[in-house]
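Naming convention: chains lettered A, B, ... in sequence-line order (proteins, then strands); numbering from 1 in each chain.
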Amino acid sequence: MEIEQQLSASIKAAVKSLYNIELSDKQVQLSPTRKEFEGHLTLMVFPFMKQTPIKNPELLGQAIGEWLVNNEPLVTKFNVIKGFLNLSINAGSWVEKLQSIYANPSFGIQPVNCNAPLVMIEYSSPNTNKPLHLGHLRNILLGWSLSKIVAACGNRVVKTNIVNDRGIHICKSMLAWKKWFDGATPESTGKKGDHLIGDCYVAFDKHYKAELKDILANDPEIQGIHVFKDQLPDGTLPEDVEKTAEARKGVAEMKSTLMQEAREMLRKWEAGDPEVRELWSMMNEWVYAGFDETYRMMGVGFDKIYYESNTYLEGKGLVLDGLEKGLFFRKADGSVWADFTKEGLDQKILLRKDGTSVYMTQDIGTAKLRYQDYPIDKMIYVVGNEQNYHFQVLSLLLDRLGFKWGKDLVHFSYGMVELPNGKMKSREGTVVDADDLMAAMIDDAREASSERLADMSDEEKQNVYRIIGLGALKYFLLKVNPVNNMVFNPAESIDFNGNTGPFIQYTHARIKSVLRKAEAETLSAEGLDGVEISEKEQTIIQKLLDFEQVVKRAGAEYSPALIANYTYDLAKEYNQFYHDTSILKEEDARKRQFRLVLSTCVARVIKTAMDLLGIEVPERM
RNA sequence: GGUUCGAUAGCUCAGCUGGAUAGAGCAACUGCCUUCUAAGCAGUCGGUCCGGGGUUCGAAUCCCCGUCGAAUCACCA
């Protein structure tokens, strides 16, 4: 990086000295030289050619190249192809850079002080009526990685979770448990609590569906519902089959006794009915124990967890205040609305006519509590792209209410995980369960690596399987640009070869193995001045130097994928070097030393980068 | 229908604020383990960067118009 800055300044000086022209930063475009050409960094001369008296790009490149060779010690030689000036940097400068990387154990990570901006990041945000699935995994891994990256960019970070622990969905599970589960507990069934509650939810849905079917088939009132299309010229009134079915379904849902019971339970919950509350607490505790286990296995956590049962009433007050201040308006039926038609959006309901909260109101309430707890400078919500509209409105709403971070709250919107034949549907049993998937990945890792680790203790082995299996899964989910939907094929297990987590982990383990064998040698980055280095070695140093910029960009663009792809590139470069350069058998002691230092730095950057993704790297595999 | 997002090799994906002949991995085929870990390395095969205009020295990238796909437009969360 500093090499580029220095070079950039010299190029400006060159153009100034040759043609008396001041170049802007934008006009000096340096990029890594493509492999098929000689050189390390390439300058494009087109952006400023018009201003110079020389209208031939080759001649212009030639002139600047000559000036640099004579005046800038970094540059040893150059060549010009079309408008591209390829510059070669002297080997000593690369070695110096490597030495400074080696000297800085936290290379790439910005220090954080107590005055740094405070960024709160919300992710996971589960409902408490079913276990976590693959979609949650993407969310949670993105949130965790983002927290690491934002912190690495010099911010204070508070990781938070809003648990949706109340509402009709949990009442459905509670009702099903009471009706059909005969007092089953996680202990009595040996099931994780979240899975047991998930079973309840499925059971409710199954019975509910059956009841609806029965009502639709047998209820005379429903049979009498018909919706017709417009009259045809011949006077007939064709029935609109679709709308009829829709209307019948709507009435059937109202008539369902199961649904009525669930609603009654919700009403009792809101009224604070002790029996309902007790059941609710018990079942939620089961779920939390289950979630905690999943989070622990994933290696993630939170600094502060909010529960919707504590926040859902909070928004009301703010909305009523806002109403008094004229920020919102009340409709004739008594419901309260915000008008965003001036901002190009619609009107949005904030309180129902009976005064109860909606989703949006709860988010306002949560925001209020968070702001009371922390002096937030920036808020990042990791939530799927299906809620883009919601957050667009929330941003305007919080801004109107005077939250200073409302206007630029970040909705970190990511795409859905789809199966080869479309979306995951819990109703259709096509959901990929998070616990199952992690266990399967660890099994695959065991199968792939048990032979190699024969001399390890069982406990050590188990740990390596876990690191590899989860590494494969996490990398798979994080390497894809978050904004895109992605496809997961359960039939093909996640690969361990190629652009994968284990490939990168393997590179790290290999380096560690070499370093262990070199342990007898005292490793030092001193005394490497003038050591001869290969093009590949130079390329790796250049790649290492990129790391700082990649972290910054990943932070600015909220993209763990950038870190993932960078790390893969680095590992690939290193593997090529490893393949055709011997390290320990090199006879020249300084070259050997240099290669060990280079390898150490690569291992360290891999470890740091993978940590930013929430992925561990093993010492052996 | 409105809004937002997306479309790159058979499949999964990279491609930075516009830069040289568009890159990886998987799959298929071929080499390389008596030498630091072959989860590796090297190679072959594979492209109308959805289509059409425009901007300019130069477009996968920026702008406009289409086509297709996803999400959303609930007094659900």
Side-chain angles (χ1 to χ4, degrees), chain A residues 26 29 31 33-34 36-37 42 44-47 49-50 55 57 81-84 86 125 127 164 166-169 308 312 331 333 335-337 344-346 348-354 356-360 362-363 384-390 392 413 415-416 418 420 422-423 445 448-449 452 468 472 476 479-481 483-489 492 495-507 509-518 546 549-550 553 557 559 561-562 564-566 568-569 571-572 575-586 595-596 599 620-621:
Chain A
K26 256 198 161 166
Q29 291 180 25
S31 58
T33 302
R34 292 176 67 111
E36 55 267 41
F37 304 106
T42 296
M44 261 84 66
V45 303
F46 298 108
M49 190 173 67
K50 272 189 187 164
K55 299 306 176 195
I81 296 169
K82 295 195 258 180
F84 301 91
N86 301 319
S125 311
N127 287 355
N164 183 10
R166 62 164 286 281
I168 193 73
H169 55 86
E308 230 171 70
Y312 85 106
K331 285 197 175 172
D333 67 358
S335 56
V336 178
W337 296 70
L345 301 176
D346 232 330
K348 191 79 191 172
I349 189 160
L350 300 177
L351 291 175
R352 297 189 185 97
K353 63 186 171 197
D354 62 5
T356 56
S357 311
V358 294
Y359 182 36
M360 193 62 81
Q362 296 176 18
D363 265 351
N385 61 14
E386 62 212 346
Q387 295 193 29
N388 285 353
Y389 182 73
H390 173 80
Q392 213 178 330
S413 164
M416 300 290 102
E418 290 167 356
K423 283 181 76 168
S449 54
R452 306 160 166 268
I468 296 171
F476 179 84
K479 76 171 173 184
V480 179
N481 182 345
V483 305
N484 292 332
N485 288 0
M486 63 181 294
V487 178
F488 172 79
N489 189 343
E492 309 167 5
D495 229 306
F496 288 0
N497 301 316
N499 186 356
T500 66
F503 171 91
I504 296 166
Q505 291 171 324
Y506 179 69
T507 309
R510 263 180 155 181
I511 296 175
K512 283 315 186 98
S513 173
V514 172
L515 294 177
R516 274 193 302 274
K517 290 184 175 155
D546 286 345
Q549 284 307 305
V550 171
R553 226 186 106 202
E557 296 180 24
S559 182
L562 292 175
N565 287 307
Y566 164 82
Y568 173 67
D569 287 343
K572 198 169 168 50
N575 275 326
Q576 289 164 356
F577 159 77
Y578 178 93
H579 181 262
D580 37 47
T581 316
S582 57
I583 300 169
L584 299 174
K585 294 210 165 76
E586 170 59 48
R595 288 171 193 167
L596 287 169
S599 300
R620 287 184 53 193
M621 66 185 274

| Within 45° cone and under 6.0 Å: A:K348 NZ/CZ vs A:W337 ring | no

Atom pairs under 3.5 Å, N or O on each side, protein against nucleotides 26-29 of chain B: can you list them with distances?
none

| said: Taking side-chain contact (heavy atoms from CB on, under 4.5 Å) as the definition, give me every residue that meets it alongside A:E586, ordered by chain and number, with sequence neighbours left out. | reply: A:D588, A:K591, A:R592, A:R595

| message | Run the side-chain hydrogen bond (donor to acceptor under 3.5 Å, both in side chains) test on A:D495 and A:T500 for me, step by step, so that the C-alpha distance in whole Å, both residues' side-chain angles and the decisive distance to 0.1 Å come before the verdict. | response | CA-CA 7 Å; A:D495 229 306; A:T500 66; over 6 Å; no

| task | Determine the Euclidean distance between corresponding P atoms of B:C63 and B:G6; express it in Å to zero decimal places. | result | 11 Å

| field | Closest-nucleotide ordering on RNA chain B, the 5'-leading residue of A:Y578 and A:L562 | value | A:L562

| Rounded C1' spacing from B:A7 to B:G52 in Å | 16 Å

| Does the side chain of A:R510 get closer than 4.0 angstrom to OP1 or OP2 of B:A38 through an N or O atom? | yes

| task | Using only side-chain N and O atoms of A:R595, determine if any of them is under 4.0 Å from OP1 or OP2 of B:C36. | result | no

| message | Rounded to whole Å, please give me the gap between CD in A:E418 and P in B:C5. | response | 18 Å

| field | Pair A:N385-A:N485, side chain to side chain contact (heavy atoms under 4.5 Å, CB included): steps then yes or no | value | CA-CA 9 Å; A:N385 61 14; A:N485 288 0; 3.8 Å; yes

| message | Treating A:K55 as the side-chain partner and A:K50 as the backbone partner, does any N or O pair qualify as donor plus acceptor under 3.5 Å? | response | yes

| query | Under 4.0 angstrom, heavy atoms only, what part of the nucleic acid is A:S125 near: base, sugar-phosphate, or nothing? | reply | nothing

Any N/O pairs under 3.5 Å between the protein and nucleotides 55-60 of chain B? List them or say none.
residue, atom, partner, partner atom, Å
B:C57, OP1, A:K50, NZ, 2.7

| query | Do the side chains of A:L515 and A:L596 get nearer than 4.5 Å, heavy atoms only? | reply | yes

| Which part of the nucleic acid does A:D363 contact within heavy-atom distance under 4.0 Å: base, sugar-phosphate only, or nothing? | nothing

| What does A:S449 touch in the nucleic acid at a heavy-atom separation under 4.0 angstrom: a base, only the sugar-phosphate, or nothing? | base

| message | What is the separation between atom NZ on A:K585 and atom P on B:U37, rounded to the nearest whole Å? | response | 9 Å

| B:A39 pyrimidine/purine six-ring stacking with A:F503, under 5.5 Å and 30° | no

| query | Judged by atom type as modelled, is there a donor-acceptor pair below 3.5 Å linking the side chain of A:R166 to the main-chain atoms of A:E308? | reply | no

| said: Categorize A:T42 for me: base, sugar-phosphate, or nothing, with a 4.0 angstrom heavy-atom threshold over every strand shown. | reply: base

| field | Rounded interatomic separation in angstrom, taking NZ from A:K26 and P from B:U17 | value | 11 Å

| Stem ranges for RNA chain B, with three or more consecutive Watson-Crick or G-U pairs under 3.5 Å? | B:1-7 with B:67-73, B:10-13 with B:23-26, B:28-32 with B:40-44, B:50-54 with B:62-66

| Listed partners of A:S599 passing side-chain hydrogen bond (donor to acceptor under 3.5 Å, both in side chains), at least two apart | A:Y574

| How far does the P atom of B:U3 sit from the matching atom of B:C41, given to the nearest Å? | 48 Å

| query | Between A:N484 and B:A14, does any side-chain N or O lie under 4.0 Å from OP1 or OP2? | reply | yes

| task | Give, for atom OH of A:Y578 and atom CZ of A:R510, the distance between the pair rounded to the nearest 0.5 Å. | result | 4.5 Å

| query | How far does the P atom of B:G69 sit from the matching atom of B:G43, given to the nearest Å? | reply | 41 Å

| field | B:C26 versus B:C62 - spacing of their C1' atoms, nearest Å | value | 33 Å

| task | Taking side-chain contact (heavy atoms from CB on, under 4.5 Å) as the test, write out the residues that go with A:F488, two or more places apart. | result | A:L134, A:V417, A:L419, A:V432, A:L437, A:F476, A:P490, A:I494

| task | Answer yes or no: are there more than 12 heavy-atom neighbours, outside A:K331 itself, under 6.0 Å from its atom NZ? | result | yes

| query | Counting just side-chain N and O atoms, does A:S582 come under 4.0 Å of either OP1 or OP2 of B:U35? | reply | no

| When the distance from CD1 of A:I511 to P of B:G40 is rounded to whole Å, what number comes out? | 15 Å

| said: Can you list everything that forms a side-chain contact (heavy atoms from CB on, under 4.5 Å) with A:Q387? Sequence neighbours excluded, please. | reply: A:Y359, A:V383, A:H390, A:F391

| request: Apply salt bridge (charged side-chain N to carboxylate O under 4.0 Å, His left out) to A:K479 and list each qualifying residue two or more places apart in sequence or on a separate chain. | output: none

| request: Check the distance between B:A22's C1' and A:E36's CD and give it to me in whole angstrom. | output: 12 Å

| Quick one: are A:Y312 and A:V358 in side-chain contact, heavy atoms under 4.5 Å? | no

Each nucleotide N or O in nucleotides 42-44 of chain B that has a protein N or O under 3.5 Å away: list the pair and distance.
residue, atom, partner, partner atom, Å
B:A42, OP1, A:Q576, NE2, 3.0

| In chain order, what residues pass the side-chain hydrogen bond (donor to acceptor under 3.5 Å, both in side chains) check against A:D333, with sequence neighbours excluded? | A:S335

Report, one pair per line, the protein and nucleotides 72-77 of chain B atoms (nitrogen or oxygen only) whose separation is under 3.5 Å.
residue, atom, partner, partner atom, Å
B:C75, O3', A:R352, NE, 3.3
B:C75, N4, A:D333, OD2, 2.3
B:C76, OP2, A:R352, NE, 3.0
B:C76, OP2, A:R352, NH2, 3.1
B:A77, OP1, A:R352, NH2, 3.1
B:A77, OP2, A:Y359, N, 3.3
B:A77, O3', A:N164, OD1, 3.4
B:A77, O3', A:N164, ND2, 3.2
B:A77, O3', A:E308, OE1, 3.0
B:A77, O2', A:N164, ND2, 2.4

| query | How many Å lie between CD on A:Q29 and C1' on B:U17, as a whole number? | reply | 9 Å

| request: Sticking with atom C1', work out how far B:A60 lies from B:U8, rounded to a whole angstrom. | output: 7 Å

| request: Quick one: label A:M621 by what it contacts on the DNA or RNA (base, sugar-phosphate, nothing), any heavy atom closer than 4.0 Å. | output: base

| note | A:M44 CE to B:U17 P, in whole Å, measures 13 Å

| side-chain N/O A:R34 vs B:A20 OP1/OP2, d < 4.0 Å | yes

| query | CG of A:N489 versus P of B:G10: gap in Å, rounded? | reply | 18 Å

| task | Could you tell me whether the side chain of A:S357 reaches within less than 4.5 Å of the side chain of A:R352, counting heavy atoms only? | result | no

| query | So, do A:N497 and A:Y506 sit near enough that their side-chain heavy atoms are less than 4.5 Å apart? | reply | no

| message | Run the salt bridge (charged side-chain N to carboxylate O under 4.0 Å, His left out) test against A:R620 and tell me which residues pass, sequence neighbours left out. | response | A:D455

